[in-house]
Amino acid sequence: SGKDLRGAMLRKANLGGAKLVGVDFTGADLSGANLEGADLQGAMLLGTNLQGANLQKACNLGTATFQSLAGADLSGLDLKGWDLSGKDLRGAILRSAVLPHARLVGSNCAGADFSGAEIYCTDFAQAIMSGANMNGATNLAFALNLVR
């Protein structure tokens with residue numbers, strides 16, 4: 001933990017269940033990596049390529065520093081109350097994610113998959129939602145500022 005992996009090429013690496021507390025992945029390539037169940041407490045993910053990375057059941061992702069989760073698989077994650085305002089979530093997979101009271105204000109959610117997600121009181125003010133899949137999302141009527 002606390003390692004410096006800035007700029008590391010970790011494509012398709014199997015880091016499932018790894019303790020990655022405080023690791024600096026700034027500018028690293030984690031595309032297609034398996035991070036399922038990994039502990040990312042305090043990790044630095046700025047400029048990190050997470051396209052196709054499996055972040056299902058990742059622990060403490062909310063304490064990590066990141067700007068983009070574009071293309072990452074966040075299926076089933078509990079994102080209740082998270083502030084994802086202004087984040088890049090283009091093409092992210094959020095199937096069956098739990099998003100009550102989350103803030104996605106001004107986020108780019110173009111092409112994101114929210115199918116089956118719980119979005120009660122989720123705030124989508126000024127979010128870019130073009131091509132986003134909301135099929136089967138629950139509590140859509142209670143989403144805030146959702147323009148589809």
Side-chain angles (χ1 to χ4, degrees), residues 1-119 122-124 126-138 140 143 146-148:
S1 67
K3 302 277 186 213
D4 183 352
L5 293 175
R6 288 179 287 183
M9 300 301 286
L10 298 165
R11 286 185 201 130
K12 298 185 179 180
N14 184 4
L15 301 170
K19 188 170 177 118
L20 303 169
V21 176
V23 174
D24 188 350
F25 288 109
T26 301
D29 185 352
L30 286 165
S31 58
N34 176 24
L35 295 159
E36 184 172 358
D39 187 349
L40 294 164
Q41 182 177 354
M44 292 292 293
L45 299 166
L46 294 172
T48 303
N49 181 357
L50 292 165
Q51 185 74 37
N54 177 3
L55 290 161
Q56 296 178 44
K57 300 179 186 168
C59 303
N60 299 310
L61 183 59
T63 67
T65 303
F66 59 90
Q67 187 57 36
S68 174
L69 293 172
D73 187 348
L74 307 167
S75 296
L77 273 185
D78 186 348
L79 306 173
K80 191 180 327 160
W82 279 33
D83 188 355
L84 296 166
S85 297
K87 304 293 186 194
D88 184 357
L89 298 170
R90 286 174 298 155
I93 302 166
L94 294 138
R95 286 185 206 120
S96 301
V98 180
L99 293 159
H101 301 282
R103 292 177 40 85
L104 285 86
V105 176
S107 293
N108 187 345
C109 300
D113 184 357
F114 291 93
S115 58
E118 182 184 341
I119 56 173
T122 303
D123 191 351
F124 290 95
Q126 300 170 353
I128 298 167
M129 300 299 292
S130 57
N133 178 5
M134 303 295 266
N135 292 334
T138 60
L140 270 177
L146 179 60
V147 178
R148 296 189 290 158

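Position 1 is the first residue of the sequence; numbering continues from there.
To the nearest 0.5 Å, atoms CZ (Arg6) and CG (Asp24) are separated by 5.5 Å. With values rounded to the nearest 0.5 angstrom, Asn14 atom CG is found 9.5 Å from Glu36 atom CD. The CZ atom of Arg11 sits 12.5 Å away from atom CD of Gln51, with the distance rounded to the nearest 0.5 Å. Atoms CD and OG1, from Gln41 and Thr63 in turn, are 5.0 Å apart once rounded to the nearest 0.5 Å. To the nearest 0.5 Å, atoms OG (Ser115) and CG (Asn133) are separated by 5.0 Å.
Counting only heavy atoms from C-beta outward, the side chains of Leu15 and Asn34 never approach each other to under 4.5 Å. No side-chain heavy atom of Val98 sits less than 4.5 Å from a side-chain heavy atom of Trp82. Counting heavy atoms from C-beta on, the side chains of Met44 and Val23 never come closer than 4.5 Å. Thr122 places a side-chain heavy atom less than 4.5 Å from the side chain of Leu104. Looking only at side-chain heavy atoms (C-beta outward), Leu99 and Asp78 stay at 4.5 Å or farther from each other. Contact of the Leu69 side chain with the Leu74 side chain is registered, since non-hydrogen atoms from C-beta on lie closer than 4.5 Å. Contact of the Leu35 side chain with the Leu20 side chain is registered, since non-hydrogen atoms from C-beta on lie closer than 4.5 Å.
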Item to complete: Given side chain to side chain donor-acceptor pair (under 3.5 Å), test Asn60 with Asp39 step by step and report yes or no.
Response: CA-CA 6 Å; Asn60 299 310; Asp39 187 349; 2.8 Å; yes
Worksheet item: How far apart are the C-alpha atoms of Asp73 and Leu94, what are their side-chain angles, what is the distance that settles it, and do they pass the side-chain contact (heavy atoms from CB on, under 4.5 Å) test?
Response: CA-CA 7 Å; Asp73 187 348; Leu94 294 138; over 6 Å; no
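Nearest heavy atom pair, residue Met129 against residue Cys109, reads SD-CB, 3.6 Å. Residues Leu89 and Ser107 come closest through the heavy atom pair CD1-CB, 4.5 Å. The two residues Asp113 and Arg95 come nearest to each other via the heavy atoms OD2-NE, 2.7 Å. Nearest approach of Met134 to Leu140, heavy atoms of both residues: CE-CD2, 3.7 Å. Ala72 approaches Leu55 most closely through the heavy-atom pair CB-CD1, 3.7 Å. The shortest non-hydrogen separation linking Ala64 to Leu40 is CB-O, 3.7 Å.
Although no hydrogens or angles enter the test, the distance criterion places a donor-acceptor pair under 3.5 Å between the side chain of Thr48 and the main chain of Phe25. A donor-acceptor contact shorter than 3.5 Å is absent between the side chain of Asn135 and the backbone of Ala137.
Between Phe114 and Phe124, the ring planes are perpendicular. Angles over 60° get that label, and only those under 30° would be called parallel.
With 3.5 Å as the limit, one finds no donor-acceptor pair spanning the side chains of Asp88 and Asn108.
Applying the side chain to side chain contact (heavy atoms under 4.5 Å, CB included) test to Gln67 and every residue at least two apart in sequence or in another chain returns Leu46, Lys87.
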